[in-house]
There are 4 protein chains.
Amino acid sequence: MIIMKETTIKTIKEIESQKTIFIEGLPGIGLIGKLAAEHLIQELGAEKFAELYSPHFPHQALVKDDATVRLMKNKLYHARHEGVDFIILVGDTQPSPSNSFGHYEIVSKILEYLKKYDISIMFTLGGFSTGGEVVEHPKVLGAVSHEELVEEYKDVNISFRDDSGAAIVGASGLLLAMGREEGIRGMCLLGESPGYMYIDAKAAKSVLEVLSKILKLDIDMTALEERAEETESLIHKIQEMQRKSMSQNMPEMSKDLGYIR
Amino acid sequence: MIIMKETTIKTIKEIESQKTIFIEGLPGIGLIGKLAAEHLIQELGAEKFAELYSPHFPHQALVKDDATVRLMKNKLYHARHEGVDFIILVGDTQPSPSNSFGHYEIVSKILEYLKKYDISIMFTLGGFSTGGEVVEHPKVLGAVSHEELVEEYKDVNISFRDDSGAAIVGASGLLLAMGREEGIRGMCLLGESPGYMYIDAKAAKSVLEVLSKILKLDIDMTALEERAEETESLIHKIQEMQRKSMSQNMPEMSKDLGYIR
Amino acid sequence: MIIMKETTIKTIKEIESQKTIFIEGLPGIGLIGKLAAEHLIQELGAEKFAELYSPHFPHQALVKDDATVRLMKNKLYHARHEGVDFIILVGDTQPSPSNSFGHYEIVSKILEYLKKYDISIMFTLGGFSTGGEVVEHPKVLGAVSHEELVEEYKDVNISFRDDSGAAIVGASGLLLAMGREEGIRGMCLLGESPGYMYIDAKAAKSVLEVLSKILKLDIDMTALEERAEETESLIHKIQEMQRKSMSQNMPEMSKDLGYIR
Amino acid sequence: MIIMKETTIKTIKEIESQKTIFIEGLPGIGLIGKLAAEHLIQELGAEKFAELYSPHFPHQALVKDDATVRLMKNKLYHARHEGVDFIILVGDTQPSPSNSFGHYEIVSKILEYLKKYDISIMFTLGGFSTGGEVVEHPKVLGAVSHEELVEEYKDVNISFRDDSGAAIVGASGLLLAMGREEGIRGMCLLGESPGYMYIDAKAAKSVLEVLSKILKLDIDMTALEERAEETESLIHKIQEMQRKSMSQNMPEMSKDLGYIR
């Protein structure tokens with residue numbers, strides 16, 4: 001692992017997974033995808049089986065509760081639930097928005113790695129910014145790899161708006177569009193959210209409700225709400241630490257907003 | 001296709017093309033080149049035969065009318081019109097302006113790919129900004145690969161101004177200058193335009209008028225004008241969506257101005 | 001050495017080093033790590049045995065007192081002190097904060113190079129910004145590769161704060177976290193400091209006091225204080241030169257704040 | 001040449017050159033090095049024998065007086081004058097200041113290419129900004145690869161100031177410092193100049209006077225002064241064109257300040 005010239009996925013534990021349902025929830029708007037996917041990991045009792053490291057991630061170590069450090073990473077979890085295999089992707093970060101090359105490399109490596117697990121369908125989870133407007137009941141917008149999926153999921157509460165010209169930025173968009181090139185069926189579910197600096201558990205809940213309806217999963221949402229509260233309090237702590245901190249050219253210790261747990 | 005480490009051109013359909021006239025119209029000032037080239041594709045009934053993907057394009061998926069997504073790409077079209085072969089390059093985007101390396105890579109790959117189609121002459125289409133000044137009858141500025149072309153096309157209404165020190169940025173410039181290194185004759189046609197945030201159908205029409213005079217094509221311009229109106233209305237819709245949206249560090253859904261149809 | 005396509009470490013002198021204690025002090029907040037590590041080099045009479053060059057360092061030559069120039073570089077020193085081997089890493093610079101790839105490459109190359117020297121423990125030194133607040137007695141914050149180190153060094157005056165979510169940016173963080181992946185035990189020591197534009201000898205002294213207690217070294221601190229004063233006067237001279245200088249697109253001669261001696 | 005993945009030097013004409021004096025004058029502060037080197041090319045009747053292209057140069061074509069375009073490039077000239085071989089490097093541009101990697105690659109390629117020409121000494125020419133202060137008689141600052149050169153050229157009017165901590169940015173610095181690693185003796189000559197947006201023929205003249213004294217060349221300076229006036233008028237024309245132009249995301253035609261014929 002020592003020479004990190006490109007994104008690398010390290011298998012921690014060999015798994016068996018067939019006709020896998022793949023779910024992505026990396027950090028993005030309101031941390032919606034991340035919250036939803038981490039909650040699902042907890043509810044399904046999924047186990048980590050692989051880690052992804054990349055020289056396109058921020059060049060920093062994260063400090064954990066026990067004062068140990070670790071690299072920035074993404075993680076792959078596996079669960080078999082009622083005979084169905086799930087692989088769930090979560091993580092600390094995505095490459096910086098100015099580094100398109102890094103985004104393409106990471107998504108390429110993930111799709112290549114997943115080939116052996118026979119992905120039957122992919123769900124990428126994220127947020128859609130309303131531009132600050134707070135919404136009482138966040139809608140869930142959908143985009144698909146193949147047109148028939150719109151018809152297939154018409155009874156689930158997804159808004160397939162005519163958003164011609166819209167773009168889905170980052171892993172949620174690239175995984176779906178590159179996966180489509182490989183013949184993988186998939187859907188992106190985006191929860192409506194006021195914006196970024198806001199851990200949006202309500203939108204995460206909306207997304208997860210849609211997803212669990214699709215997957216016929218019975219998910220207890222109370223833990224998600226508690227989880228969101230914990231996160232919010234951590235964020236407040238971090239923001240307070242940031243006020244005390246000055247961020248300039250060669251920071252040796254700073255805070256990472258995208259990090260939960 | 002899965003590992004996207006560099007720009008890749010995927011052939012969709014084998015074509016025969018000899019003494020090919022190559023025309024480029026990628027997004028740029030006023031989307032002039034793009035509008036002109038897309039109109040030409042329609043008028044000539046050209047068919048798509050290849051697609052170009054690049055890790056130097058924005059890391060996002062585009063959402064189409066039917067709620068399906070696709071990667072950002074450039075496209076190559078072919079038409080045989082009155083015994084003459086045309087290859088036309090259009091697309092969603094060019095790499096970001098800070099990524100010179102990506103621009104050089106893409107143009108290199110295109111020239112390499114086109115080698116087998118025996119390019120007899122190349123026309124690159126774009127805009128020239130007047131810096132905000134609206135012009136009633138947009139002039140068309142020309143630059144060439146070989147000096148004799150100035151004499152050859154002196155009867156067409158092209159302004160070969162003494163713009164020593166001027167630069168043609170992006171694919172329109174690089175294709176012409178790198179093609180010249182390969183011995184390919186070519187001309188860049190730039191329509192005068194007030195600037196960027198403006199879909200300039202008038203300038204596109206001027207450019208296409210010059211090009212069709214050179215190529216002795218009879219092009220119906222009414223559709224171009226309608227097309228420009230459609231585009232303008234789409235842009236307004238997108239701008240309205242953007243006002244509602246907030247663009248920060250890790251957007252999951254945003255709009256792409258460079259995208260038409 | 002002529003083709004610099006990637007980070008390269010040049011061995012100047014072959015050394016023997018066993019069960020090596022590795023110490024890093026590259027430029028960062030308040031130049032704390034750099035000051036502490038350079039002082040240690042002086043006190044231990046360590047000798048330079050290798051140099052690291054990188055195309056990810058600033059593209060400039062440094063002018064020395066005798067009007068000769070040299071490339072930006074990092075340096076590895078070796079000392080055997082009371083039967084114990086030390087390797088100490090110092091240098092002029094780290095890659096720019098926008099170049100994560102460069103940071104990962106350099107740290108990878110260092111860890112790979114050090115493999116033959118059998119690192120028993122690693123100490124990375126740096127600063128932690130209080131955000132401007134001047135502290136009378138700078139605390140030293142610690143982070144570790146393995147949890148048992150917290151217990152092991154509980155009698156030394158290190159603050160293992162609950163900084164969950166904090167990040168250690170640059171070589172100090174990456175060396176520790178990537179070293180951990182290779183099974184190397186290590187600790188990061190960060191001196192509390194008001195911030196960046198300040199050569200913080202007081203914090204460097206705090207860090208070095210903790211380190212020398214851990215390593216049971218008897219270090220004379222007076223030279224460190226003098227050294228800090230010299231540095232501060234050099235910085236003032238540089239700042240004065242900078243006021244007279246204008247920094248724009250293609251500077252041929254400018255100043256490098258990160259450079260001492 | 002078609003696939004431009006890295007900097008490439010194309011030999012146009014085979015030359016014989018022994019114990020070569022190598023002189024660099026790429027664009028930088030006040031275009032001082034460029035003016036001086038281009039004047040020397042003219043005075044020595046040097047002939048172009050090689051061209052350097054790079055994907056790290058701006059992604060644009062330059063338009064010449066005759067409306068033909070060409071790629072951005074650097075150029076190598078050769079002259080044999082009174083039995084002495086000269087190789088002179090000039091060009092349109094250097095990579096952008098944020099692209100250190102590109103600077104290192106280009107300088108590496110140049111040094112590698114020059115190996116066969118047996119460089120006996122190297123002179124890199126540039127400017128040193130006074131930060132806006134206009135100087136009546138611009139001094140010439142020197143920096144060297146080897147200390148003995150200071151003694152060797154003590155009778156020439158060079159200021160070897162104690163600028164410890166100063167940096168020489170770009171090709172003038174990197175060529176000298178990387179050349180030194182290859183055992184090439186060299187000197188950097190920097191003319192004092194008020195700053196950047198100013199074509200500084202006076203400083204170029206000072207630099208060339210020092211250089212011609214060192215090289216015992218008899219150079220007519222009147223042409224240099226005329227040349228500077230021409231350049232200044234071109235720059236004014238360009239600036240006027242720029243006022244009319246708007247520079248945003250995807251410019252197709254813009255101006256290049258670093259370009260002189």
Side-chain angles (χ1 to χ4, degrees), chain C residues 1-8 10 51 53-73 92-93 95-96 98-99 101-102 105 231 233-261, chain D residues 6 27-29 32-33 94-105 107-109 111-112 115 126-133 141-147 149-150 160-174 176-178 180-182 188 190 194-197 257-258:
Chain C
M1 220 253 359
I2 250 183
I3 298 302
M4 210 195 283
K5 293 288 285 184
E6 59 173 27
T7 303
T8 305
K10 196 170 96 180
E51 293 181 336
Y53 297 93
S54 178
H56 302 293
F57 285 162
H59 49 286
Q60 56 185 39
L62 294 175
V63 184
K64 293 191 283 186
D65 281 353
D66 60 3
T68 61
V69 300
R70 62 172 185 79
L71 287 174
M72 303 292 274
K73 65 185 169 194
D92 305 312
T93 190
S96 97
S98 66
N99 182 4
F101 186 86
E105 182 180 282
T231 309
S233 102
L234 171 62
I235 294 293
H236 286 148
K237 193 175 123 202
I238 287 172
Q239 284 173 333
E240 199 180 327
M241 282 160 75
Q242 274 186 324
R243 268 199 305 277
K244 290 195 200 146
S245 149
M246 209 174 84
S247 202
Q248 276 176 319
N249 209 10
M250 285 172 305
E252 248 149 357
M253 191 162 202
S254 75
K255 311 297 154 281
D256 169 36
L257 261 180
Y259 173 68
I260 314 177
R261 199 176 39 164
Chain D
E6 60 173 27
I29 293 175
I32 293 164
Q94 295 193 41
S96 97
S98 65
N99 181 4
S100 284
F101 186 87
H103 284 271
Y104 276 98
E105 182 181 282
V107 167
S108 294
K109 292 280 184 180
L111 287 174
E112 188 192 39
K115 269 203 153 174
F128 171 74
S129 171
T130 60
E133 200 188 316
L141 280 72
V144 294
S145 61
H146 299 78
E147 208 181 343
L149 288 163
V150 174
F160 292 106
R161 291 197 341 200
D162 173 10
D163 268 332
S164 178
I168 305 169
V169 180
S172 290
L174 278 192
L176 192 63
M178 291 184 76
R180 176 176 174 265
E181 295 290 316
E182 301 299 315
C188 179
L190 301 170
Y196 285 93
M197 302 306 290
L257 261 179

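Note on naming: letters A, B, ... go to the chains in the order of the sequence lines (proteins, then strands), and numbering restarts at 1 for each one. Note that this is a predicted model, so its numbers are computed, not measured.
Heavy-atom distances place no part of Ser98(C) under 4.5 Å from chain D, backbone and side chain included.
Remark: the backbone N or O of Glu147(D) is not paired with any side-chain donor or acceptor of Thr68(C) at under 3.5 angstrom.
Of all heavy-atom pairs spanning Tyr104(D) and His59(C), the tightest one is CE1-CA, 3.9 Å. Residue Val150(D) comes nearest to Asp66(C) through the heavy atom pair CG2-O, 3.9 Å, listed as atom of the first residue, atom of the second, then distance. Of all non-hydrogen atoms in Ala61(C) and Ala177(D), the two that sit nearest each other are CB-CB, 3.8 Å.
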